[in-house]
Amino acid sequence: MTWPGPEAGNSDAGAAPRRLNFIEQIVEDDLRSGKWGDRVHTRFPPEPNGYLHIGHAKSITLNYGLAEQYGGKFNLRFDDTNPVKEEEEYVQSIIADARWLGADWEDRLLYGSDYFGQMYEWALELVRKGKAYVCDLTAEETRQYRGTLTGPGRESPYRNRSVEENLDLFERMRKGEFPDGSRTLRAKIDMASANLNLRDPVMYRILHAHHHRQGDAWCIYPMYDWAHGLEDSIEGITHSICTLEFENHRPLYDWFIDAINEGRTEDGSGPWGRRICHPQQIEFARLILTHTVMSKRKLLELVRERHVRGWDDPRMPTVSGMRRRGYTPEAIRAFAKMIGVAKFNSTVDVGKLEYCVREDLNRRANRVMGVLRPLKVVIENYPEGQVEELDAVNNPEDSTAGTRKVPFSRELYIEQDDFREDPPKKFFRLAPGREVRLRYAYFITCQTVVKDAAGNVTELRCTYDPATRGGDAPDGRKVKATLHWVSAARAVDAEVRLYDHLFTAEDPSDVPEGRDWKELLNPESETVLTGCKVEPSLDGSAPGSRYQFERQGYFCVDSDSQVGRLVFNRTVTLKDTWAKIEQREKA
RNA sequence: UGGCCUGUGGUGCAACUGGCAGCACGUCUGACUCUGGAUCAGAAGGUUCCAGGUUCGAGUCCUGGCAGGCCAGCCA
């Protein structure tokens with residue numbers, strides 16, 4: 001499977017010029033100027049403190065796609081610098097999800113924590129260069145000294161300690177001589193900078209915590225700003241792509257690397273050695289999708305409070321959720337490509353994602369018949385006990401998909417929605433006295449409507465025209481509708497879970513003052529239907545199998561599914577013109 | 001009375017770096033159809049945030065506004 005490059009769908013010579021996004025332009029400019037030779041090396045650097053979501057998928061697609069397009073390399077690197085928030089479970093899920101999305105990091109599955117030793121050495125170097133110092137201010141004092149957005153900060157009273165004292169103190173911090181929070185190592189930059197990140201940022205904090213990979217080897221841990229650029233540098237990353245909120249951090253990212261490089265030389269001669277790699281940080285707008293939330297904090301809350309079935313609930317915007325729902329990696333990648341990448345903070349309509357899913361599944365999902373809300377139909381003139389195996393096309397979009405047999409018998413189920421006793425205008429389906437086609441089978445005409453005491457329609461008595469076997473009338477007469485159906489005798493029972501947007505509001509973060517964002521959860525985001533009837537070919541389908549239920553949508557066998565107890569998730573509905581008409585008529 | 005970033009049809013992005021504002025999604029028509037699916041053909045929809053300026057010519061350059069985003073964790 002090829003990764004969609006920028007020229008995909010536009011490959012004929014002389015076609016419109018390739019339209020590059022701003023990051024591709026930077027990469028191509030660099031390739032042209034030889035800034036990195038012919039190297040392009042990107043990375044995806046998640047913190048293992050949650051599951052990947054569609055926003056991460058955008059980032060992975062971007063980063064891996066760039067490496068792929070330009071013959072470069074891509075690393076998967078865990079940014080695991082905070083032992084108290086990170087867990088092995090998340091590491092495993094992230095690896096699985098990134099791989100499923102199609103990214104390939106070869107043997108470069110990396111961990112920022114593996115560089116702790118090197119980072120420590122460089123920190124010592126900055127101390128020796130007089131560019132970092134040990135500060136004894138408390139967290140609260142540090143905050144006060146930092147100043148405000150509009151006013152400068154004050155210098156720490158510990159700012160001018162001697163190099164010797166700083167070296168001694170920092171070494172003892174590392175040895176664990178001091179309690180958590182008692183001291184920090186800070187960069188000596190500028191307490192009056194308009195960029196707060198440059199007001200002597202903390203490089204190391206003391207944390208006597210167990211690290212998921214380093215165990216108890218460390219009791220000082222590097223801060224993101226100090227660590228991240230170094231991780232990129234160590235790995236030889238050329239383009240360090242991140243989201244917009246790190247824009248203000250770029251000057252610091254650059255400052256740290258420049259500070260290390262100060263006094264260093266290209267050939268390594270001199271007291272400090274060889275210059276280190278200085279990647280270019282580039283920021284883009286994170287993905288915001290309508291009708292969902294993306295923050296790890298909120299997703300965690302939904303899981304913990306059991307508003308959903310878990311991180312992989314089909315309603316979640318997580319990669320695992322989308323996978324369970326039946327989305328394909330190809331669809332997600334196509335979506336990422338469709339929305340592009342820019343610096344404008346925009347909100348993408350979730351309908352675009354659904355469009356990509358439909359488009360992909362339309363090409364690859366085999367068609368089957370399944371009745372969600374069964375209505376019994378008895379074909380009065382069809383011989384009792386007779387069963388015919390009729391030919392059905394598996395996928396009209398794929399001639400290699402073949403055909404299958406579908407059993408037809410006297411008693412059937414059709415969809416309740418496909419019958420109206422009193423059909424409104426433009427309703428083409430079955431109604432008293434009306435003739436329709438049963439897909440791949442016969443024309444039937446509704447003769448009698450059977451109701452229970454409460455007046456509910458419980459059964460339809462119909463007749464069929466034997467001459468229309470296979471679905472065509474030899475006399476050329478037409479019907480306005482074709483219905484899906486299932487033989488009552490041969491149907492397989494199934495549970496079907498219908499999914500809709502997780503939130504009713506387009507923007508669930510826009511919640512009225514004093515109200516909880518979770519009040520905006522869509523109470524109908526999941527509808528569980530039992531007693532659904534599907535065609536026998538579906539018996540024993542494995543979890544993850546994807547189908548189109550004709551006229552209804554795409555469905556995926558859920559992981560809860562077992563032999564003898566089929567469970568389907570509705571991935572996405574088919575485009576439904578009738579639903580649109582009906583809605584419009586109502587309005 | 002802070003700094004940085006960003007404003008282009010309803011939505012998401014383009015516009016070869018100053019030369020007739022395009023593409024996709026969505027919407028609406030129509031054709032075709034054994035899925036009201038798919039497919040095909042077409043249409044509507046723009047004061048390029050605003051106001052000045054430079055220029056033969058500005059979405060693009062300059063100045064000044066306005067609006068939105070991010071930043072005062074020993075989180076990332």
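Proteins come first, then strands; the chains are lettered A, B, ... in the order of their sequence lines, and each starts at number 1.
- Between A:Lys352 and the phosphate of B:C13, there is no side-chain N or O to OP1/OP2 separation shorter than 4.0 Å.
- For the pair A:Lys337 NZ and B:C23 P, the interatomic distance rounds to 16 Å; values are reported in whole Å.
- By the rule that a glycosidic angle within 90° of 0 means syn, B:U8 does not qualify and counts as anti.
- Remark: C1' of B:C23 and CG of A:Leu20 are 15 Å apart, rounded to the nearest angstrom.
- Aromatic ring orientation, A:Phe408 versus A:Tyr464: tilted (interplanar angle from 30° to 60°).
- Separating the CZ atom of A:Arg19 from the P atom of B:U8 is a distance of 17 Å, rounded to the nearest angstrom.
- Once rounded to the nearest 0.5 Å, the distance linking CG of A:Asp80 with CZ of A:Phe116 reads 6.0 Å.
- No contact: A:Thr290 has no heavy atom under 4.0 Å from any strand.
- Atom-to-atom, CG of A:Asn345 to P of B:U8 comes out at 12 Å; the value is rounded to the nearest Å.
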Each nucleotide N or O in nucleotides 18-21 of chain B that has a protein N or O under 3.5 Å away: list the pair and distance.
none

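- Residue A:Tyr145 forms a side chain to side chain contact (heavy atoms under 4.5 Å, CB included) with just one option from A:Arg154, A:Arg199, A:Arg159, and that option is A:Arg154.
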Nucleotides 71-76 of chain B: protein proximity per nucleotide (B base, S sugar-phosphate only, - neither; heavy atom, under 4.0 Å): BBSBBB

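- Residue A:Gln552 is tested with A:Met369, A:Glu415, A:Arg570 for a side chain to side chain contact (heavy atoms under 4.5 Å, CB included); the sole match is A:Glu415.
- If you run side chain to side chain donor-acceptor pair (under 3.5 Å) between A:Tyr253 and each of A:Asp232, A:Asp225, A:Asn197, only A:Asp232 comes through.
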Scoring nucleotides 35-50 of chain B by protein non-hydrogen atoms under 4.0 Å (B base, S sugar-phosphate only, - none) yields BBBS------------

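- Classification of B:G64 as anti follows from a glycosidic angle more than 90° from 0.
- Separating the CZ atom of A:Phe22 from the P atom of B:G59 is a distance of 24 Å, rounded to the nearest angstrom.
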